[in-house]
Amino acid sequence: MTNILDRGTFETLDHNDELAPFREKFYLPEGLIYMDGNSLGAMPRAAVERSADVVKREWGEDLITSWNKNGWFHLSKKLGARLAPLMGAEEDEVMVCDATGINLFKLLSVALQLRPEHKVILMEGSNFPTDNYMAQGLVQQLGQGHEVRFIEQDNLIENITDEVAVVCLTHVHYKTGRMHDMAAITEKAHAVGALALWDLCHSAGAVPVDLNQCEADFAVGCGYKYLNGGPGAPAFLYMAKRHHGKAQQPLSGWWSHAAPFAFEQDYRPSENIWQMMTGTQPILSLSTLECGIEIMEQADMEKVREKSVRLGDLFIELMEQECSDYGFKLASPKNGTQRGSQVSFHHPEGYAIIQALIAEGVVGDFRAPDIMRFGLTPLYLGYADIWDAVARLSKIMAGKVWQKAEYQNRSAVT
Ligand SMILES: *Cc1c(COP(=O)(O)O)cnc(C)c1O
């Protein structure tokens, strides 16, 4: 028989939590339990001062000289170098720039050029759609007989055949939080002569990643989720050094030129990671992302992972204890080692329930058709928060509060 959980259990865990001091580095509204850091990370307090400084001093006073004086031109490269250790990459293999989808497009194009005899891009149809749409857009644009082939996790390994040019997968699934075995899949891809591109949107800053250890070829990921970079923060891309200078990415803007300030008539690609750039980057957004990265650098990723798994396990256990009568069905792996940093449940009334929860100060989100997602961000979410969130949910379910008309209408963003 399992022990009955009570709030005291959670309070004790908070009391002994080595990561608890990180909570102060973030601003969150009083009383709010924020479980959506997998979609938009919380605001680092430092971002307020940093963005004001970039606007007032760097832009206002220093104007154009900031490209040199305040390091604007090299900011993408500098942030890439700072992010690299977080994902097991070398400093000169990562750039912070553009959006995830755009970076994916550039890298997929490189991958297809490196494997001209292979015509298949292998992906999961259930992946976050932008990755799949981007791949389909690229294939359409190339017109060289490539195919985007959708295979789900259960049949994945045996479908990595010698037709495949690149296996392009999201490491942690956006809906279920299920995590792929990056090392095993990359190894299988290489065994058939294919390359591996990993989307780390739900991994960077959430779970330990070692791209070089796995011999991954390419990766992309988001700056505004677990890296807490702010709304629309630039994404990152990784390209293993062995692929630098071997192919030309298609969005060949001046920042990817070997000598951008030579203003030559013809394109001549840079030989290093700069080749993956396109054009002028959003400096304000890069600046707030730097505040998020700075916090991540101070956190021990193994401890972050340990707490994240524990938060998830307790959340699942508590849902069984308090909410078993209300029709929730776990959508995430129960085994924490197979899960990223989120827990999801199926419920036919998921949308309305999430709206009612938000009104009660617990923020999660909803993904069609019936998934309620809860992000677990160990740097600003405590154990007692989990207790309180489930208590509020249980109250909403017992009182059927979600049935109110105001919780039924869907907004543009769910
Ligand atoms: C969040 C997310 C994206 C976001 O793409 P944008 O280009 O930033 O809009 C892409 N892929 C996955 C898997 C995501 O979870």
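All values below were derived from every heavy atom in this structure, side-chain atoms included, with hydrogens, water molecules and symmetry-related copies excluded. Order of listing sets the numbers, starting from 1, for every ligand and every atom in it. Count residues from 1 along the sequence.
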What residue pairs, at least two apart or across chains, pass salt bridge (Lys or Arg N to Asp or Glu O under 4.0 Å) with a residue in residues 226-255?
-> Asp92-Lys241, Asp217-Arg242

Tell me whether [X] has any N or O atom under 3.5 angstrom from an N or O of ligand 1.
X: Thr170; result: no
X: Thr130; result: no
X: Tyr224; result: yes

For [X], counting its heavy atoms only, list the atoms of ligand 1 lying under 4.0 Å from any of them.
X: Ala99; result: 7 (O)
X: Asp131; result: 10 (C), 11 (N), 12 (C)
X: Gly101; result: 7 (O)

Distance-only donor-acceptor pairs under 3.5 Å for side chains of residues 283-296, two or more places apart:
{"unit_1": "Ser287", "atom_1": "OG", "unit_2": "Ile283", "atom_2": "O", "d": "2.7"}
{"unit_1": "Thr288", "atom_1": "OG1", "unit_2": "Gly229", "atom_2": "O", "d": "2.9"}
{"unit_1": "Thr288", "atom_1": "OG1", "unit_2": "Ser285", "atom_2": "O", "d": "3.2"}
{"unit_1": "Glu290", "atom_1": "OE2", "unit_2": "Lys78", "atom_2": "NZ", "d": "2.9"}
{"unit_1": "Glu290", "atom_1": "OE2", "unit_2": "Arg82", "atom_2": "NH1", "d": "2.8"}
{"unit_1": "Glu294", "atom_1": "OE2", "unit_2": "Arg82", "atom_2": "NH2", "d": "3.2"}

Please check if any side-chain donor atom of [X] sits under 3.5 Å from a side-chain acceptor atom of [Y], or the reverse.
X: Gln355; Y: Asn409; result: no
X: Trp198; Y: Thr186; result: yes
X: Asn272; Y: His244; result: no
X: Glu124; Y: Asn132; result: no

Nearest neighbour in protein (non-hydrogen) for atom 14 (C) of ligand 1 = Lys225 NZ, 2.9 Å

Protein residue, atom and distance nearest to atom 5 (O) of ligand 1, heavy-atom basis | Thr100 CB, 3.7 Å

Under 4.0 Å between a Lys/Arg side-chain N and an Asp/Glu carboxylate O for Lys106 and Asp98?
-> yes

Could you check which of Ile102, Asp199, Leu200 puts a non-hydrogen atom nearest to atom 12 (C) of ligand 1?
-> Asp199

Where's the contact between Leu104 and ligand 1, heavy-atom distance under 4.0 Å: side chain, backbone, both or neither?
-> neither

